[in-house]
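Below: the structure, in structure tokens.
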2 protein chains.
Amino acid sequence: MTGPVRGSRERMVFSAAQLIRRDGVTATGMRDVVTHAQAPRGSLQHHFPGGKQQLVNEAVDWAGRYAAKRIARFLSEMPEPSPSLLFAAMVRQWTDEYQTTGFAGGCPVAAATVDCAHATDATRQAAAAAFAAWSRPVAQALTDMGVPAEQAGSLATLMISALEGAILIARAEQDVRALLTVARELGPLLDAASSDARRGSTGESH
Amino acid sequence: MTGPVRGSRERMVFSAAQLIRRDGVTATGMRDVVTHAQAPRGSLQHHFPGGKQQLVNEAVDWAGRYAAKRIARFLSEMPEPSPSLLFAAMVRQWTDEYQTTGFAGGCPVAAATVDCAHATDATRQAAAAAFAAWSRPVAQALTDMGVPAEQAGSLATLMISALEGAILIARAEQDVRALLTVARELGPLLDAASSDARRGSTGESH
DNA sequence: CAGCTACTATGACGGCTGTCATAATCGGAT
DNA sequence: ATCCGATTATGACAGCCGTCATAGTAGCTG
């Protein structure tokens, strides 16, 4: 709707995100991105005058927005949403990919953080923004399910932390075990936070 | 005890781990490692005939053994150990570093996984072994605290996953918030698993 | 002394990287 | 037809990378 052949520029950002999450930022060359996106090499300096940094930052931004949209989609597909079901859906996205496509890629935001957090501050900020964009709809969904507002943000951070860590372990082990484990162990805790609130209990832990 | 000036070889492995966790595997050059370790460049091909791959793999191995030793030390320093206190100690190691030294580095095993899991299978296996070496003493400690054996491994995976993810987020945000959050939110769940078991409860979980 | 092994020094090689300078092409609007 | 901005093509540049070939030194053993 905006571009002619669906924007070669957008294709490059998308391809960058895909290659980054597979090989890391430093190991991903601009020529690789151009090839993967089937885009003209000459367009690079026109669309991304800021060089590789700009391309990487936009890829990280895109990943953050993508993750946020997935949360919305998960919720819309859920007849009776609950915290544990949302987390299970987030995890299942990864187990599905790993079981069908293989363990080639991880999270592009994690890759950018590991590779650029120290060397390139702008990319570090982009990663922080991506985590925030991802976390916001999760926390909002938790409050909608009855989790007290001051705990929703914390649980969202916990969910994303556990998911990111499990992705790492699953990729290293080439086994979805870690992903299934965190979903199983964390589910009851998440649901307890929403049902406790629905019951109106304030002081707990006996 | 084995080397003359405490082994230039060991220094290179250690420096490799430090640089990898700061800049990532690909961005860390062998010349950088030699410089950082103040080691003779000519020793590289003698001590690491397998090239960069061998050096990286040994650095990952070292990191795994180091993490395992830290668990043992945490436990030995704890008068009355509990799952939540162990996890708090694991988290505090990172908040301490970040608050005193800055947010320069992350976990070297995570960096190796992100950077090499797809390209270099041997490094991926080294990362998996490091996670296993790290997880084993955690699970053992949990069983010693009364967590049922079949749940101890799962909780160890959950702890390491949440910690790794929180490290990522903390580094991106340059704020220890995520680390403090996972410690606070996960603590009660961990202690419940050990006290439940001590009470002898067997079947429920839904 | 020689001889052997462990370690170090040095320089070079091909290949890849991000970036840039320059020019060509294309699509509309005038 | 002419012009102009947006897009693309192409080639080159300096710099870094991991690796290797070769030679040298130190230290122990005979």
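None of the values given here were measured: they were computed from a predicted structure. Proteins come first, then strands; the chains are lettered A, B, ... in the order of their sequence lines, and each starts at number 1.
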For this session: Run the numbers on A/Arg9 and A/Glu58 for salt bridge (charged side-chain N to carboxylate O under 4.0 Å, His left out), then give the verdict.
Result: CA-CA 11 Å; A/Arg9 204 198 116 104; A/Glu58 293 203 23; 2.3 Å; yes

Exercise. Is the backbone of B/Tyr98 close enough, under 3.5 Å, to the side chain of B/Thr101 for a donor and an acceptor to pair up by distance?
Worked result: no

Exercise. Just by distance, do the side chain of A/Lys52 and the backbone of A/Thr28 share a donor-acceptor pair under 3.5 Å?
Worked result: yes

For this session: Would you kindly give the CG-to-P distance between B/Asp115 and D/dG18, to the nearest whole Å?
Result: 12 Å

Problem set entry | Rounded distance (Å) that lies between atom P of C/dG15 and atom CG of A/Asp32 | 17 Å

For this session: Under 4.0 Å from any atom of DNA chain D, heavy atoms only: list the residues of residues 50-57 of chain A that qualify, in numerical order.
Result: none

Exercise. Step by step, would you call A/Phe87 with A/Val182 a side-chain contact (heavy atoms from CB on, under 4.5 Å)?
Worked result: CA-CA 9 Å; A/Phe87 189 58; A/Val182 296; 4.2 Å; yes

For this session: Decide yes or no on side-chain contact (heavy atoms from CB on, under 4.5 Å) for B/Val13 and B/Phe48, but give the supporting numbers first.
Result: CA-CA 10 Å; B/Val13 174; B/Phe48 306 95; 3.7 Å; yes

For this session: Find the distance A/Asp23:CG to C/dC16:P and express it as a whole number of Å.
Result: 15 Å

For this session: Can you see which heavy atom on B/Ala63 is nearest to which on B/Val109, and at what distance?
Result: CB-CG2, 3.9 Å

Problem set entry | Check against salt bridge (charged side-chain N to carboxylate O under 4.0 Å, His left out), A/Arg171 and A/Glu164 | CA-CA 11 Å; A/Arg171 214 148 84 95; A/Glu164 285 284 3; over 6 Å; no

Exercise. For residues 36-46 of chain B, which residues have at least one heavy atom under 4.0 Å from DNA chain D?
Worked result: B/Arg41, B/Gln45

Exercise. Between atom CZ in B/Phe48 and atom C1' in C/dC7, what is the gap in whole Å?
Worked result: 13 Å

For this session: Consider the side chain of B/His47, meaning its heavy atoms from C-beta on, and name the nucleotide among D/dT19, D/dA12, C/dT8 that approaches it most closely.
Result: C/dT8

Problem set entry | Interatomic distance where CE belongs to B/Met30 and P belongs to C/dT10 [whole Å] | 19 Å

Exercise. Rounded to the nearest Å, what distance is computed from the CZ atom of residue B/Arg31 to the P atom of nucleotide C/dT10?
Worked result: 14 Å

Exercise. Between A/Arg70 and A/Glu77, is a salt bridge (charged side-chain N to carboxylate O under 4.0 Å, His left out) present by the stated rule, with each step listed?
Worked result: CA-CA 11 Å; A/Arg70 288 299 297 231; A/Glu77 287 171 348; over 6 Å; no

Problem set entry | Any donor-acceptor N/O pair, B/Arg11 side chain to B/Ala37 backbone, under 3.5 Å | yes

For this session: Mind checking A/Thr28 for me? I need base, sugar-phosphate or nothing, with any heavy atom below 4.0 Å counting as a touch.
Result: sugar-phosphate

